Amino acid sequence: MTASLLRTAADLRARARTGRRAVVMTMGALHEGHATLIRTARSIAGPEGEVVVTVFVNPLQFGAGEDLDRYPRTLDADVELAGKSGADAVFAPSVDEVYPGGEPQVRISAGPMGERLEGAARPGHFDGMLTVVAKLLHLTRPDVALYGQKDAQQLALIRRMVRDLNFGVEIVGVPTVREEDGLALSSRNRYLSPAERRTALALSQALFAGRDRHAAQEALRARAREVPATRARAEALSAIGESRAAADAHAVATTAGGPAAVRAAARLVLDEAARLDPPLRLDYLALVDPSDFTEIGDDFTGEAVLAVAARVGSTRLIDNLPLTFGTFGDAS
């Protein structure tokens, strides 16, 4: 399948439209993670619908000293990958096309949620991101727009903007795509030297350690709930040699655990990576409520996000995993 390359909003408006339009927004340098988004969009749009991929490196979301100038531009390869993955068109406007007359004076504010975690590390980033997303949603007029869960805070803010400002579009989050060793796919991975890439694996390894600790806690708590604290039951357990297992389950269920234990398990991996050569330099490790990206307490129940950001060499990377607390089941 070959995707058409469109450069202007007029070209996009002139395109005949049939069925549902699904849009995937990117900054280019497409990889398998983007391909997964496009394939998912194709399945949602169906054979009668249309998939549009936007490629635009948005200057508003890059701060001073960030990598705007060296951000990879690979448009020819992007159009080819988009087409092979099921896109009908690639909309790749210039900066002047998106921001005629220069940077916009009126912008979207990300509010308090946009000042936490990534927003604190990159002031103004989310205001710029939401501004261009709003513009691209108006320009492309999709029925559904898809974004990767790797950028969890970005996804949460887009969902909030669409809800708060009554955008008539469905937002779909697509799970993070990882390489075989666990590293989350990112356009910035190409900046890593072989040694830096080995260190960078600590991000996903820390998340997996937190997830595994959480899953073990939840499984033991579920087991503890199945062991009544009656003398008759204790005697029966003892008779079949399970008293120690029951005691262990109750001990885990009643001792410190939960979010604090998840954070501790993840931080242990990150602390070890800080001693590697080259070292990992942690920006933040957070376990947050995805509705507002505030840290969760030890009595929290429901969906949460374990998020990490760090630098390896000159490259800044982010990653996250969803977890569920209080269901006495496996982590999500």
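Here the structure is a predicted model, which is why all the values come from computation and not from measurement.
Taking each heavy atom of Ala304 and Pro290 in turn, the nearest pair found is CA-CD, 3.8 Å. For the pair Gly258 and Gln217, the tightest heavy-atom approach, listed with the atom from each and the gap, is N-NE2, 2.9 Å. For the pair Ala266 and Leu285, the tightest heavy-atom approach, listed with the atom from each and the gap, is CB-CD2, 3.9 Å.
Remark: the backbone N or O of Leu306 is not paired with any side-chain donor or acceptor of Asn320 at under 3.5 angstrom. Between the side chain of Thr199 and the backbone N or O of Leu280 there is no donor-acceptor pair closer than 3.5 Å. Of the possible polar contacts, none joining the Thr74 side chain to the Ala77 backbone as a donor-acceptor pair under 3.5 Å is found. With Asp78 contributing its side chain and Gly28 its backbone, the two residues share no donor-acceptor pair below 3.5 Å. In terms of modelled atom types and a separation under 3.5 Å, the side chain of Gln149 and the main chain of Thr176 share no donor-acceptor contact. Judged purely by atom type and a 3.5 angstrom limit, Arg178 has no side-chain atom pairing as donor or acceptor with the backbone of Leu185. Between the side chain of Asp127 and the backbone N or O of Ala110 there is at least one donor-acceptor pair closer than 3.5 Å. A donor-acceptor pair under 3.5 Å is formed between the side chain of Asp143 and the backbone N or O of Arg21. In terms of modelled atom types and a separation under 3.5 Å, the side chain of Glu97 and the main chain of Ala9 share a donor-acceptor contact. No donor-acceptor distance shorter than 3.5 angstrom exists from the side chain of Glu196 to the backbone of Asn189, with no hydrogens or angles considered.
Ile296 is not connected to Leu117 by any chain of hydrophobic side-chain contacts under 4.5 Å among Ile, Leu, Val, Met, Phe, Trp and Tyr, and they are in different clusters. Both Leu6 and Phe56 are assigned to one and the same hydrophobic cluster, defined by single-linkage of ILVMFWY side chains at heavy-atom distances under 4.5 Å.
Atoms CD and OG1, from Glu32 and Thr36 in turn, are 4.5 Å apart once rounded to the nearest 0.5 Å. One distance of note links CZ of Arg116 with CG of Leu157; it measures 9.5 Å at 0.5 Å rounding. Rounding to the nearest 0.5 angstrom, the gap separating the CG atom in Asp289 from the CZ atom in Phe300 is 4.5 Å. Considering NE2 of His31 and OG1 of Thr26, their distance stands at 9.0 Å, rounded to 0.5 Å. One finds the CG atom of Leu60 at 6.0 Å from the OG1 atom of Thr131 (value rounded to the nearest 0.5 Å).
A donor-acceptor contact closer than 3.5 angstrom is absent between the side chains of Tyr71 and Asn58.
Residues Val23 and Leu146 have side chains not in contact (no heavy-atom distance under 4.5 Å, counting atoms from C-beta outward). Looking at Tyr147 and Val174, their side chains never come closer than 4.5 Å, going by heavy atoms from C-beta outward. Asp319 has its side chain out of reach of Leu183: every pair of non-hydrogen atoms, C-beta onward, lies at least 4.5 Å apart. Asp181 has its side chain out of reach of Ser204: every pair of non-hydrogen atoms, C-beta onward, lies at least 4.5 Å apart. In this structure, the side chains of Val162 and Val169 come closer than 4.5 Å at one or more pairs of heavy atoms. Contact of the His34 side chain with the Ser85 side chain is not registered, since no non-hydrogen atoms from C-beta on lie closer than 4.5 Å. Side-chain contact between Met129 and Val133: present, with at least one pair of heavy atoms (C-beta onward) separated by less than 4.5 Å. Using a 4.5 Å heavy-atom threshold, the side chains of Phe325 and Leu287 count as touching.
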Determine, stepwise, if the pair Arg316 / Arg281 fulfils side chain to side chain contact (heavy atoms under 4.5 Å, CB included).
CA-CA 9 Å; Arg316 188 175 185 276; Arg281 302 192 305 279; over 6 Å; no
Please report the C-alpha distance between Arg42 and Asp88 in whole Å, then the side-chain angles of each, then the deciding distance to 0.1 Å, and finally whether the side chain to side chain contact (heavy atoms under 4.5 Å, CB included) criterion is met.
CA-CA 9 Å; Arg42 180 79 271 162; Asp88 298 288; 2.7 Å; yes
Check the pair Phe62 / His125 against ring pair (Phe, Tyr, Trp, His ring centres under 6.0 Å), numbers first and verdict last.
CA-CA 6 Å; Phe62 287 80; His125 166 73; 7.8 Å; no
Could you please spell out the steps behind the side-chain hydrogen bond (donor to acceptor under 3.5 Å, both in side chains) verdict for Tyr284 and Glu118?
CA-CA 9 Å; Tyr284 62 76; Glu118 284 299 291; 2.6 Å; yes
In sequence, state the C-alpha distance, the side-chain angles, and the governing distance for Val98 and Lys135, and then conclude on side chain to side chain contact (heavy atoms under 4.5 Å, CB included).
CA-CA 8 Å; Val98 176; Lys135 288 182 69 74; 3.8 Å; yes
Working for side-chain hydrogen bond (donor to acceptor under 3.5 Å, both in side chains), residues Glu303 and Thr324
CA-CA 5 Å; Glu303 300 294 322; Thr324 303; 3.0 Å; yes
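Listed by chain and number, the residues in a salt bridge (Lys or Arg N to Asp or Glu O under 4.0 Å) with Asp292 amount to none (sequence neighbours excluded).
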